[in-house]
*Asks:* 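Encoded as C-alpha cells, here's the structure I'll be asking about.
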Amino acid sequence: MDSGNQHHSDISEKKAQGKHSVPHGVTKRELWAYKEAKSLGVGKICNAVDSGMNSQQQWEAFVLLFEMLEEYGTHLVEAAWNHQITSLLQFSVSHDNFVSAISGSMHQTQSETWAEVFSWLSILWKRGFCHDNPQVRCMIMQSFLGIEWRNYGSCVKSVPESFIHGSLMEALNDPVHHSDFGVKGIYSSKTIECATHFLHHYSSYLNARETVIFLNSLASLAKRKSFSRAGLMGLAECIAASAFGAYKYSNNKVKSYEFGTVDEVQLEYSLENFLHDNGTELLDFLRYVLESSKQHFNPNYRFRVCEKVVEAAASMVPASDVSLEILLHFISTLPREVTDYGGLLRVRVQDWLLQNHQVTRSGGIQIQLLESLNEFPERFIIHHCLFQNFDDEDLDVWEFEVRRWARVLFLVIKEEHQLAPLMMFIQQHGTNIRKQNNHSEWVPVKFLSLIVGLIQEIQVMQRRKHGPKVQTKFEIQQLETEEQSSEAEASNIYNMFTDSLLLILEELVSFCNLSCSIFSSGSDIEDKVLPSSVRGKLGGPSQRRLSISLTTAVLQATISVKAVAYIYAWCAQHRTGILLNSAFTAVWKFFCNTITSPTCNSESEAEVRIAAYEALAPALKALVSVLAPQILVLFMENSKSLQPAIEGEPWLDTLVLSFLQNINNLLAVGFMVRTRRAVLLNWKWVILESLLSIPSYSFGSKLQQEDGSFFFSDAALINIFTDTVESLENAGEGSVLPILRSIRLALELFASRRLSLVVSRFTGVDSQMIWRLVHSSWILHSSCNKRRVAHIAALLSSVLHPSLFSDGDMHDADNEPGPLKWFVEKLLEEGTKSPRTIRLAALHLTGLLLSNPTTIKYYIKELKLLTLYGSVAFDEDFEAELSENDDARTEVTLLTKIQDSELTEAFINTELYARVCVANLFYKLADLTNRSGSSTGDKASQSALESGKLFLLELLDTVIHRRKIRAWQMICVLSQFVDDDIVEEVAQCLQIALYRNNLPSVRQYLETFAINIYMKFPSLVAEQLVPLLRDYDMRPQALSSYVFIAANVILHASKDIQLRHLDELLPPILPLLTSHHHSLLRCFEDLKLYLAKNSDCMRLRASMEGYLDAYNPKTCVTPAGIFVSRVEEIGFECVPTSLMEQVINFLNDVREDLRCSMAKDIVTIKNESLNMAAGSGSTEEVSSACEEKLELPKDAHLDFQKKITFSKHEKPDLGSSSLLCKGEVYKQLLEMEKEDDLLDQLWKSRSLAMERIRGNRQHIILVASLIDRIPNLAGLARTCEVFKTQGLAVADAKIVQDKQFQLISVTAEKWVPVIEVPVNSVKQFLEKKKREGFSILGLEQTANSVPLDQYIYPKKTVLVLGREKEGIPVDIIHVLDACIEIPQLGVVRSLNVHVSGAIALWEYTRQQRL
C-alpha cells in the first residue's frame, strides 16, 4: 500500500512541510481546528502519509475517527474529521496512481487499495449518518459531499454500491439535511444538489450493464422503503443524475467504437437483450416513484418529481425497446396536467417517445411507435375473451386500456395523415358492427368503447386548451410554448375524425335501436338466482343484481346509447348545417321510453330501469351541450309527442315533471337495495341538471327570450326546487354537485322570470323556501367529512345566489338575521377550522357585496372576521384539486369575484387571501364613491361610503397584538373613506394608537395611515400635528413616528399647500433632528451644506436612497402596495421591514464607524460659528434680518429648550454672532445652560453613588444563556449572589418569575443583576465585552484547555458556560480568549453545569482575595 511514493520524496517533503507549519491567511476557526486536530494525533498520522501508511497506521486513523463519533463532542468531531478523512484518502493518491486513475485505467493493486480505503470510510460515513446529534449528521454529510470526487477519476467506482443504496440514501431521507427544502417554492436543497453531483460522477464510470443494475437497485428503493417529501425528491434527483451520467458515458463509448475492434462492438450489441429486459424493469420502478409522489399534493413538487423521472427514462430506456403495454402503463401514471396541451413536460415526453423510433421503409420514414399504436385497435377488439359474456369490471378494464392508448396516440400524432390507418379501421368495423355482434357480443362493445374513448380524449384536450381556467402558480408558465401550426393541425384532425364518424353513424344508430330492445322487454325479464357473491353484497355500480347474460345485454345497450349520443354531439359541434335526425330521434325515443316506462314488478326489472337511466344521463348531457336552433326545434316537436301540451303551457314542464314522477315512482318500489337506490338517485340529479340547463344554453345561443317563461312555469319550478332542496340533506357524495347545480339553475330561472314581470315582487320564491334551502345546505356541509373544493364552491354559488343577494329581507328580518346572513355566519364560523372554506367564502362574498353595496351594512361583523383571519399558510390539497379536477376549476370560475387576477393568483392559497379580498372590495368601493353617475350610481356610492365609514370605526377598536397588523393593513385601505363627520374620532384613535408601544411592523401602517389623513385634511396639520411635535414629554417612539409623518406630509403634499406645511412643520421638526451634544449656532444654509457634504450622511443617503424613493404613502394604501411586498421568510405575518426600521438597522450596522467619524469631527463642530461682517451694526442687522426671516413665534425658546445647549467644554462667546444673535432669547439660552449644568451635576453625583455600589461587586460576568434547565439557572443565580458577581446573563429574563426558579434561588434574583442575552446574541455580547476590556473565558474540555488550578484569572472576566450535553458551540469557542477545565480524577467525564460554574467562580474569588 505504500508503493509508488519513493521517487517523489521532494514533493512529499513539501507536502509535509505544508501540513505541519501553520498556514498563512487562515481564519481563526481554521487555525483552532488545526490545533485541535493536531492535539488529537492527526499530525502524527499525517506525517506518515507521504512516507506510506502501513496497515497499523491506517487502523489508528480509522479508530481515531470512530472514537470521535462515539465519545467526543461536536466541536472535536468538526475539528478533526476532515483532516482524518483527507489522511485516509491522500495516502493512496501518489502522483503516478493519481494520473492513471484520471486516465481511467487502474492496476489491480490500485483498485484493491481504493476498495479497501472506501470500505473503511463507508463504515465511518454510515456511523456518522446515524449519529444521535443532528449537527454531527449534517457535518458528516457535508464532509462526504464536499469531497472533490472529480479529482479521483474512476477511483470513485470503488465506493461500495451497498453504501450508496443503503446508508447514503437513508441519510438523504433525513429531514435534518434539507432545512432549505421548499423555501420560495423551490423543492430541492443544497444536500440534494451535491448528492446528484456525486452520483452523476459515479455513474459516468459504469458500463451499460453496471449502470442498468445500479439504477434498478436505486429506483427499487421507492418500493422497499418509505420516503419523506425531501427524501423522495432526493431519490428522483439522484436517479436522474445517475442516468444522465451513464448516458454521457455511453455516448463516449459509441464514439470510441467507431475506431474500435469488431469484438468490442459485438460485445456491446450482445447487451441488447439484457438492456431490454432490465429497461422494462427500470421503467416499472420509475412508475412506482411517480405513484409515490401522488401522496404529496403540491403540484409543483409532483411536477419536479415527474420531470426527473422522465429525464431518467429518456436517458436510459429508449421507448422503442419497451413493449407498448409497458409504455402505456408508464405514461398513464404521469399527471395529465404535465402532458396535456400546455403541460410543462409535453414536449419532453413527445421527444422521448419519438426518439429511435424512425425506421426507413420503401415508402419513406415511418415511426415504429405510431405503427404499434395504429395496430392497437385491431389487437384490442379481436383479443379473445375467455367467456362470451362480460360485466362492469370487464368494461372498466377496456375503457381504461382505451384511455391509455388514446392519450399516447395524441401525444405522438403530429400530422393528419398519420391517422389514416385508424380512420380506415373505424370505417371498416363501424359499417359491419351488426354482423360482428352475431359472432361475439364483446366485439361491438369494445369497438364502441374505443370510439367513446377517442371522443373523450379529444374533449379533454379541448377543455385544457380552451376551457375555463383558474390560473395557479403551477399552470401559468408555458401555455404559449406549443407550435403556431397546432391549431390548423388540430382542425384538420378533427375534420378527418368527423368524416369517419359520419360514415358509420347510421349503422351505429341501427345497432343502438337493436340493443335498446332490452329496456322495453318489461314483463319478459324474470328474476333469476343470482351468484352468491352478488346476492350477499349490498350492491354498487359494479354489482348489478342481474344474471351475467342479462348484464351483458344491458351493458351493450348502455354503451351503444352513449356512443350514439357522443358521436351526435361531436358531429353537431364540428359540422354545422347538417341534419342528424336519425341519431337525435334514436336518443329521443330512448329518452321517452325511459321516462314513460311502466312500474316494475321485480328486482330484475328495477335493475334494467336503473341501467336505462344510467345510459340516459351521459346521452342527454351530450345532446344539451351542443344545443342549436335546429336541435331546440327537434326538442320542442318531439316533446309534443310525449304528451299533448296545454295551450300556453311551457313545453319543458311536461318533460321534466314526467321524468320526476317516473323516477320517483321507481325509487318508491321496494325491490331495490339501499346502494342501488343511491345509484339511481345519482342519475336522477345528473339528468335533472341537464334538463334545467336547456334554458341557459338557449340563452347563451340567443335562441329564446331570457325570461324563462317559454321553458318552465312557476308551479313547475317550485316543484323542482322543493324536490331538490328536500333531497339535499341526505345527498351522497356523487350527488352533491348535480343537486347544487340544479338549485343554482332553478334560481337563475326564478331570477329571469322576476326581471321580466311587471309586478314589483316575484312570488315564485319566498323567504321560507330560502330558509329550507340554507338549513339543508348547512346540514349537508357540516356532515361532510371531506371539504372538496368543487363542493364548497358549488354550495356558495348556489345558496348565496346573486339573484337573492339584492333582497334586503334575505339579510335582515325584523332585526333578526335573514336566511343568507344566517348561512354566512354559520359558514364563516365553521370556516375558521377549514382554510379553503373561508378563502372561497371570502372570494364569493366580497364579489356579491361589491355588486350590492347596500347590503354591506349587514355584514360588518363578518368582514371584520375575514380581515382578522389567519390560518395555515398553504393548503396543498387545494392547489392539487384546482390543477387536476375539472369540476373544481369550473365551480371556482362560477363564483362571483372581484376582478383582480394578479392578487387572486398570488394569494388564493395563502392565509392572507380573505384579507386581500376584503381589501380589494373596499378599494373598489372607494373608486365607486369617487365616480359620479346616475341616481342609481349615487345611491350605491352613498351606501359604499357609509359602509366604509362603519367598517373603519369597527376596526379601530382592535387591539390584540397580532391582529393589530391585520387591522391596520385594512385601515390603510379604508383611509379614503374618512370624511368630515368622522375625522375627529379617527384622529383621536390614531393618536392613542401612535402613543402606545407597537412593533415596527404595526407602526409602519399607523404612520402610513396618518400621512394620508393629514394629506387629505390639511387643516389638521396646524391644529393637531404641530402641537404634537412640540410635546417633548411624549414617548420617543411616538415622537419619531410624528417626525416621520410630518416629513412625508411635506414631501408628498400638493404644490399649493406644500410651502404652508413647510412653514408650519419645519420649526418644530428641526430641534428634534439635532443631537443633544451639538450646538445649533449655525444658519440653515450652513446646516444644509454640512448635511450635503458630511461623509456619514452621504453614506446613509446612498444606502437608503432606494428605500426612501420607493416609499409612496398613496400607493401604500392600495391592496397591491400592502400585500404584494410581503416577505415569506419573515415569520411574523410576513410583513416587510418598515422604512424606519431599515434606517435603524443600517445605523446599528455602522454605529462604530459613525462613532469614530463623530470623534474626528467633534473639534470642527465645536469651533463652527457664523462668520459675519465685523461691527455691532452689522450684527444687529443680521440679527433683525434673521428674526424677520424666521418669524419665530413667541414661545420659540420653549421649542428649543431641551435641544439647544452648549457642550460642557464650550465657553459662550458674547462677541461672536449666531443664529439668535444678542437678543433676549440669547440671554434665556444662557439661563437654560446654567440649569442644564445643575442637572448634569445631579446626574454626576448619582452616577458616582451608583459606581460606588457597583465597585463592591467582583468584575466577573457569568454567561448562562446556553443553559435551559431551570434548576441549574436558579442555582447559578444563587451562586452569583453569594460571590457578588457583576451580572448573570440568561437567555430570557422572565425566567426569574418562574416559581421553581424562585424556590431554588431563595430571592437571589433580587440582588444579582440579571442580564437578558438571547442565544443568538451571545456572540455579539461577548465581542462587545471584549471591546470593553473583558477577557472571554469558556469552561469547556478541549485539547488546549488549561486546568483551573493552573490558570490565573484576569480581573475583568466573562465566563461562558456551555449546554448541559453539547457544551459550548464551535462558533462561540472561536470568540474565547482561553478555555479552562476542572481537573477530574474519576471515571465520570463531566460535572453538572451548576457545580462546574460554582467551582470556577470560587477559584476566581479565591484569586482576587489574595
*Asks:* Quick check: do Cys306 and Leu290 have side-chain heavy atoms less than 4.5 Å from each other?
*Replies:* yes
*Asks:* Which distance, rounded to the nearest 0.5 Å, do you find between the CZ of Arg404 and the CZ of Phe376?
*Replies:* 7.5 Å
*Asks:* Strictly under 6.0 Å, is that where the ring centroids of Phe380 and Trp405 end up?
*Replies:* no
*Asks:* Sub-3.5 Å donor-acceptor pair from the side chain of Thr558 to the main-chain atoms of Ala615, do we have one?
*Replies:* no
*Asks:* Any idea which heavy atoms bring Arg744 and Ser798 closest together, and the distance?
*Replies:* CB-OG, 3.6 Å
*Asks:* Nearest 0.5 Å, please: how far is CE in Met461 from CZ in Arg336?
*Replies:* 9.0 Å
*Asks:* When you compare the side chains of Gln427 and Ser500, does any donor N or O come within less than 3.5 Å of an acceptor on the partner?
*Replies:* yes
*Asks:* Are the side chain of Arg407 and the backbone of Ile331 linked by a donor-acceptor contact shorter than 3.5 Å?
*Replies:* yes
*Asks:* Could you check whether any side-chain heavy atom of Asn593 comes within less than 4.5 Å of a side-chain heavy atom of Phe519, counting everything from C-beta outward?
*Replies:* no
*Asks:* Would Asp723 and Leu688 satisfy side chain to side chain contact (heavy atoms under 4.5 Å, CB included), going step by step from the backbone distance to the final call?
*Replies:* CA-CA 11 Å; Asp723 187 13; Leu688 181 61; 6.0 Å; no
*Asks:* Does any N or O in the side chain of Glu891 come within less than 3.5 Å of the main-chain N or O of Asp887, such that one atom is a donor and the other an acceptor?
*Replies:* no
*Asks:* I want to know whether Phe591 and Phe659 have ring centres closer than 6.0 Å.
*Replies:* no
*Asks:* To the nearest 0.5 Å, what is the distance between CZ on Phe447 and CD on Gln428?
*Replies:* 10.0 Å
*Asks:* Could you tell me whether the side chain of Glu881 and the main chain of Val789 form a donor-acceptor pair under 3.5 Å?
*Replies:* yes
*Asks:* Which atom pair, heavy atoms only, marks the closest approach of Arg346 to Thr339?
*Replies:* NH1-O, 2.8 Å
*Asks:* At what distance, to the nearest 0.5 angstrom, does CG of Leu740 lie from CD of Glu689?
*Replies:* 10.0 Å
*Asks:* Under 4.5 Å between any side-chain heavy atoms of Gln418 and Leu373, yes or no?
*Replies:* no
*Asks:* So which atom in Leu666 and which in Cys600 form the shortest heavy-atom distance, rounded to 0.1 Å?
*Replies:* CD1-SG, 3.6 Å
*Asks:* Taking atom SG of Cys571 and atom CD1 of Ile455, what is their separation to the nearest 0.5 Å?
*Replies:* 7.5 Å
*Asks:* Evaluate the side chain to side chain contact (heavy atoms under 4.5 Å, CB included) criterion for residues Val608 and Val554: first the C-alpha distance (whole Å), next the side-chain angles of each, then the deciding distance (0.1 Å), finally the verdict.
*Replies:* CA-CA 7 Å; Val608 173; Val554 164; 4.3 Å; yes
*Asks:* Run the numbers on Leu454 and Ile426 for side chain to side chain contact (heavy atoms under 4.5 Å, CB included), then give the verdict.
*Replies:* CA-CA 11 Å; Leu454 283 171; Ile426 291 175; 4.1 Å; yes
*Asks:* Between Val349 and Val338, does a side chain to side chain contact (heavy atoms under 4.5 Å, CB included) hold up when you go through it step by step?
*Replies:* CA-CA 9 Å; Val349 173; Val338 303; over 6 Å; no
*Asks:* Under a 4.5 Å cut-off applied to non-hydrogen side-chain atoms, are Trp352 and Leu327 in contact?
*Replies:* yes
*Asks:* Tell me whether the rings of His429 and Phe425 are parallel (<30°), tilted (30 to 60°) or perpendicular (>60°).
*Replies:* tilted
*Asks:* Salt bridge check, Arg676 against Glu603: does any charged N sit closer than 4.0 Å to a carboxylate O?
*Replies:* no
*Asks:* Mind listing the closest non-hydrogen atom pair of Leu745 and Ser693 along with its distance?
*Replies:* CD1-N, 3.8 Å
*Asks:* Are Val669 and Arg609 side-chain neighbours, meaning at least one heavy-atom pair lies under 4.5 Å?
*Replies:* no
*Asks:* When you measure from the side chain of Arg677 to the backbone N and O of Leu667, does any donor-acceptor pair fall under 3.5 Å?
*Replies:* yes
*Asks:* Any donor-acceptor pair under 3.5 Å linking the side chain of Ser783 with the backbone of Leu780?
*Replies:* yes
*Asks:* Under a 4.5 Å cut-off applied to non-hydrogen side-chain atoms, are Val679 and Thr675 in contact?
*Replies:* no
*Asks:* Looking at side-chain heavy atoms only, is the closest gap between Leu620 and Val587 below 4.5 Å?
*Replies:* no
*Asks:* Give a yes or no on whether a salt bridge exists between Arg544 and Asp391, defined as a side-chain N under 4.0 angstrom from a carboxylate O.
*Replies:* no
*Asks:* Side chains of Gln556 and Ser515: any donor to acceptor distance under 3.5 Å?
*Replies:* yes
*Asks:* Do the non-hydrogen side-chain atoms of His574 and Phe497 ever get within less than 4.5 Å of each other?
*Replies:* no
*Asks:* Does Gln661 have more than 12 heavy atoms from other residues, nucleotides or ligands lying within 6.0 Å of its CD?
*Replies:* no
*Asks:* Can you name the closest pair of heavy atoms from Asn662 and Ser597 and give their distance?
*Replies:* ND2-O, 3.0 Å
*Asks:* Hey, what do you get for CG (Leu660) to CD1 (Ile720), rounding to the nearest 0.5 Å?
*Replies:* 6.0 Å
*Asks:* Specify the closest pair of heavy atoms between Ala586 and Val509, including all atoms of both residues, with the distance to one decimal.
*Replies:* CB-CG1, 3.8 Å
